[in-house]
2 protein chains.
Amino acid sequence: MSPTTVSNVLHGRTGRMAPETLQKVQSILDQTRYVSNMGAQILGRHGSRLIALIIAYYSYEKESLLEDPFVGSIMGSVEQTIRENGYFMMLYNNPDMDECLQMARAWNIEGMILLGAQRQDYYRMRRELKIPVVSIDSCYRRDDRGYVNVGLQDYEGGRIMTEYLISQGHKKIGYLALMQNGTDPSVVYLDSARLKGYEDAMRNHGLAVKKEWVTKLSTAEEERDAQVRQLARRRFDGCTALFFGSDAMALEAAMVFRQEGFRVPEDISVAGFDNIRLASRLSPSLATVDQNFEQKGRCAVCELLKLMRDPGYSSDIRLPVRLVPGESVRRIG
Amino acid sequence: MSPTTVSNVLHGRTGRMAPETLQKVQSILDQTRYVSNMGAQILGRHGSRLIALIIAYYSYEKESLLEDPFVGSIMGSVEQTIRENGYFMMLYNNPDMDECLQMARAWNIEGMILLGAQRQDYYRMRRELKIPVVSIDSCYRRDDRGYVNVGLQDYEGGRIMTEYLISQGHKKIGYLALMQNGTDPSVVYLDSARLKGYEDAMRNHGLAVKKEWVTKLSTAEEERDAQVRQLARRRFDGCTALFFGSDAMALEAAMVFRQEGFRVPEDISVAGFDNIRLASRLSPSLATVDQNFEQKGRCAVCELLKLMRDPGYSSDIRLPVRLVPGESVRRIG
DNA sequence: TTGTAGGCGTTATCAT
DNA sequence: ATGATAACGCCTACAA
C-alpha cells in the first residue's frame, strides 16, 4: 500500500480506485483513528488552516478587556465560525504589530482578523504578510479601497438614540464617549461617527449643542469617575438627558449619579450604546442602541473566507443598529 | 554556511563557535527578519509550543457563554500567560471530546487546559494524548491522584455568605443555583460544595433548612425566570434572604422580583457569587462572594507549565474567596 | 489503479 | 568549529 493511495483516499480522489482498496484503506484509517499531522501539512502544501484573531487593544483603551462582553463575544463567535468552516483559531492578544507579524509568519497563518487595531496596522499586515485580513470596528476612510472592515452603523446609532431622547421631550442632551484623537480629518472614527449622528439629529430638530455638553471621557476608570462626578455636581450643565458611548459607561455613570444624590431617570435620563445582556435586566432598564456582537464576529469570519477565496474581494460592511427604549429615560415636558 | 550552524545560533549553542561566524549569522538573521517555521518545528523536534484551551460547556449549560464574563476572563488571562511563557494558544470551543482529541493530535498540542469539562474527560485526555492537562473548576473526588485542577474554595464561599446573611439578622435563607446531578456520591460538585457551606453555616447557628428553600435552578433562561417568578408569588416561601449561585442569576432574579412588585432589599435581600465587575456598580450594590477570574486563568497555565516540566507533578489548588457586603442585603431584626 | 522520488524547514547525530 | 545527512509526515508530479 503506497502513501499516494492513502493520500487519495484522504482527499476524496476515489474516482478510479478499486472499491476493495478504498474499503481497506478506510477501515485502517478508522481503526487507527488516523489524524493528519498539521506540522507536515504546513510544510508540504503551503496551507496551515490557521486563522489568527489578533486582539490589539492597548490596556489603557480597554482596561477591563478580559471581562468585556464585547471582546468575549467576538472571541467566541469568531472561534465558532472558524471551526465550523474547517479552520483552526490562534488567539493572539498583543498590540505589538511586530510580534503579530512574527507569529503569523511562524505559523503560516492563512487569514487574520484584527480587533482593536489601527487603520495603518491593517495595511501593514496585508502588505507584509500578503494574506487576507479583515478588521473589526476599525476607523476607515471614505476613499479606502481593498479595505475589508466589519463595522457598525455608528452614525445611525447616534442619530436614532438622539431622536428618541428628543421624542421624549428632551432638548438639552449631552454626549459622552471615549473619543480617539483623530489627526487625519478624512478618517472617520467610530465615536466621531456616533457624535456626528447626535449633532445632526440635534440640528435637524432645531436644537443647539452647547460645547460643554460633549465630553471626551477618559480611558482610565478613576478619571472617568471624577469626570462624571464633576458633571453631576455641575447639575449636568443643564442637560436633562445624557447619551453615553457604551452601556458599561452609562451604568458606571448612573452609579456615580446615585451616589451624588440624583435619581435615574427622575433627575437625569441616561442612555447607552451596545445593548449588553444586563441592560434589560436592570431596574431601571437601560435605554440603549442594540448591536449584535456575535453577528459581528461571524460576519468578520465570513468576509475573511470570501477574501481568501477571491483576493480581489472588497467590502465595507456596516451592521445594523436598533433602538432599545428603556426606563432610564424619562418622558418630560 | 550550513543549516546546523544556523540552528546552533538560533538555539544559543554558541559556546565553541567562531565569533565572526556568529556575527555573520546573526546579522543575516536580523536583516532578513528570520522567523522559524513552526510547521517544520513540529515535524523536526517533537514539540509545537502549542497549548490548547478547550471550552467544553454544552450550550445548555452556559447559554450566554459568549458574553459570560467568567469565560471571557479565562480566555484572556490564559492567552496572556501562555504567550508570556513563549507558547501559543489554540482556542477550541467544542464539547465533543473526540474532536478535541483529533485536534490535539493533529497539532501535536503540548499541553491542554480544560474548561467546563467533566471529570472523566480529564482522564480520557491524559490517557489518550499522554500530554499534561489541567482542568478549571472540574468537580473532583477526594481520592483523585494525579488530577490537576484549579478550583475555588466553594464550600468556604457558601459558608461565609450564609454567615454574613445570618449576621445581618436573617434566619430564613434560601439557596438557589444550577446544580449538576451527582450520580457518584464521592464526587464533589462545585455547586454542591457551596450548598454544603450554606447548610453547615445554617446548622452551626442552630437554624433549620426547609426543603423548599433549596432550589435547583434550570439552565434555560425562561424556565429559570418562571421559577423565580413563582417563588416571588409564593412570597419567597417565607425567606427574608436569597443566596444565588452566581451574580448573573441574582441580578436576573432581582429584576423579576421588581417586576412582581417587590423591592430589593426592602422586601427581599439578595446575594450572589462571583463579584462580576458590575456587581459593585449597580444600585443597590450586590452582596457577593468575590473570586478572581483572571487569577484562575493564570494559575491554570502555571500549573500546566509545572506539569509539563515534571510529569509526576500533582496538585489540587483551591483559590481563595472573599466576602463582599452590599446594599442588596438589608439588616433586619 | 498504484508506486516512487523529491521537497517542504528544522533538528539531531555523526563526521570532518 | 563547521558540515553532511537522515529523519519528521505529507503532498505532488511523474513513472509504471
Side-chain angles (χ1 to χ4, degrees), chain A residues 1-50 52 86-88 90 101-110 128-131 308, chain B residues 1-50 52 86-88 90 101-110 128-131 308:
Chain A
M1 185 98 1
S2 84
T4 311
T5 310
V6 179
S7 178
N8 284 335
V9 174
L10 286 170
H11 292 76
R13 288 187 287 259
T14 56
R16 44 202 158 190
M17 186 180 280
E20 48 178 23
T21 315
L22 176 62
Q23 281 295 328
K24 208 189 326 184
V25 175
Q26 262 311 355
S27 72
I28 294 180
L29 249 37
D30 291 349
Q31 271 174 35
T32 58
R33 297 231 208 87
Y34 172 83
V35 180
S36 171
N37 181 316
M38 294 308 291
Q41 295 228 17
I42 293 179
L43 224 52
R45 351 171 285 177
H46 280 268
S48 60
R49 302 210 72 77
L50 268 178
Y87 286 83
F88 298 91
M90 185 116 219
L101 274 171
Q102 272 198 26
M103 187 278 288
R105 272 204 267 261
W107 285 101
N108 276 45
I109 296 291
E110 291 191 48
E128 302 205 15
L129 289 174
K130 299 186 175 78
I131 59 169
M308 286 164 72
Chain B
M1 187 95 1
S2 85
T4 310
T5 310
V6 179
S7 178
N8 284 335
V9 174
L10 286 170
H11 292 75
R13 289 186 287 259
T14 56
R16 43 202 158 190
M17 187 179 278
E20 49 180 19
T21 314
L22 176 63
Q23 281 295 327
K24 207 186 329 182
V25 175
Q26 260 314 353
S27 73
I28 294 179
L29 249 38
D30 292 348
Q31 272 174 34
T32 58
R33 297 230 208 89
Y34 171 83
V35 179
S36 174
N37 181 316
M38 294 308 292
Q41 292 220 16
I42 293 180
L43 224 51
R45 356 173 274 183
H46 281 271
S48 60
R49 300 210 74 76
L50 268 178
Y87 286 83
F88 297 91
M90 185 114 219
L101 274 171
Q102 274 197 27
M103 185 279 287
R105 273 204 267 263
W107 285 101
N108 276 39
I109 296 291
E110 291 191 51
E128 303 205 16
L129 290 173
K130 298 191 176 75
I131 59 168
M308 286 164 74

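In this text, all values refer to a predicted model and were calculated from it rather than measured experimentally. Quick note on labels: first sequence line is chain A, next is B, and so on, each numbered from 1.
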If you compare every side-chain N and O of [X] against the phosphate oxygens of [N] (OP1, OP2), does one of them come in below 4.0 Å?
| X | N | result |
| --- | --- | --- |
| Arg13(B) | dT11(C) | no |
| Ser36(B) | dG9(C) | no |
| Ser7(A) | dC11(D) | yes |

| query | For Asn108(B) and Leu50(B), what are the C-alpha separation, side-chain angles and deciding distance, and is it a side-chain contact (heavy atoms from CB on, under 4.5 Å)? | reply | CA-CA 8 Å; Asn108(B) 276 39; Leu50(B) 268 178; over 6 Å; no
Measure [atom1]/[X] against [atom2]/[N] and give the value in whole Å, please.
| X | N | atom1 | atom2 | value |
| --- | --- | --- | --- | --- |
| Gln23(B) | dA1(D) | CD | P | 17 Å |
| Asn8(B) | dA1(D) | CG | C1' | 10 Å |
| Met38(A) | dC8(D) | CE | P | 20 Å |
| Trp107(B) | dG9(D) | CH2 | C1' | 14 Å |
| Arg49(B) | dG9(C) | CZ | P | 21 Å |
| Asn37(B) | dT11(C) | CG | P | 10 Å |
| Asn108(A) | dC10(D) | CG | C1' | 14 Å |

Of the listed nucleotides [options], the one nearest the side chain of [X]:
| X | options | answer |
| --- | --- | --- |
| His11(B) | dT10(C), dT11(C), dG9(D) | dT11(C) |
| Pro3(B) | dC10(D), dT1(C), dT11(C) | dT11(C) |
| Gln41(B) | dT10(C), dC11(D), dT2(D) | dT10(C) |
| Leu43(A) | dT2(D), dG9(C), dT1(C) | dG9(C) |
| Ala18(B) | dC11(D), dC10(D), dT2(D) | dT2(D) |
| Thr5(B) | dC10(D), dG9(C), dG3(D) | dG3(D) |

| said: Rounded at 0.5 Å granularity, tell me how far CG in Leu10(B) sits from CD in Gln26(B). | reply: 8.0 Å
| task | Could you tell me the separation between the CZ atom of Arg13(B) and the OG1 atom of Thr5(B), rounded to the nearest 0.5 Å? | result | 11.0 Å
| field | Working for side-chain contact (heavy atoms from CB on, under 4.5 Å), residues Val35(B) and Leu101(A) | value | CA-CA 10 Å; Val35(B) 179; Leu101(A) 274 171; over 6 Å; no
| query | What about Thr4(A): does its side chain form a donor-acceptor pair under 3.5 Å with the base of dT4(C)? | reply | yes
| Do Glu110(B) side-chain atoms and Arg49(B) backbone N/O form a donor-acceptor pair below 3.5 Å? | yes
| Do Ser7(B) side-chain atoms and Pro3(B) backbone N/O form a donor-acceptor pair below 3.5 Å? | no
| task | Check whether any side-chain heavy atom of Ile42(B) lies under 4.5 Å from a side-chain heavy atom of Met38(A), and answer yes or no. | result | no
| query | Which comes earlier along DNA chain D counting from the 5' end, the contact point of Ala40(B) or that of Ser2(B), where each point is its nearest nucleotide? | reply | Ser2(B)
| message | Roughly what angle, to 10°, lies between the helix axis at the start of the helix from dT1(C)-dA16(D) to dT16(C)-dA1(D) and the one at its end, five pairs per end? | response | 50°
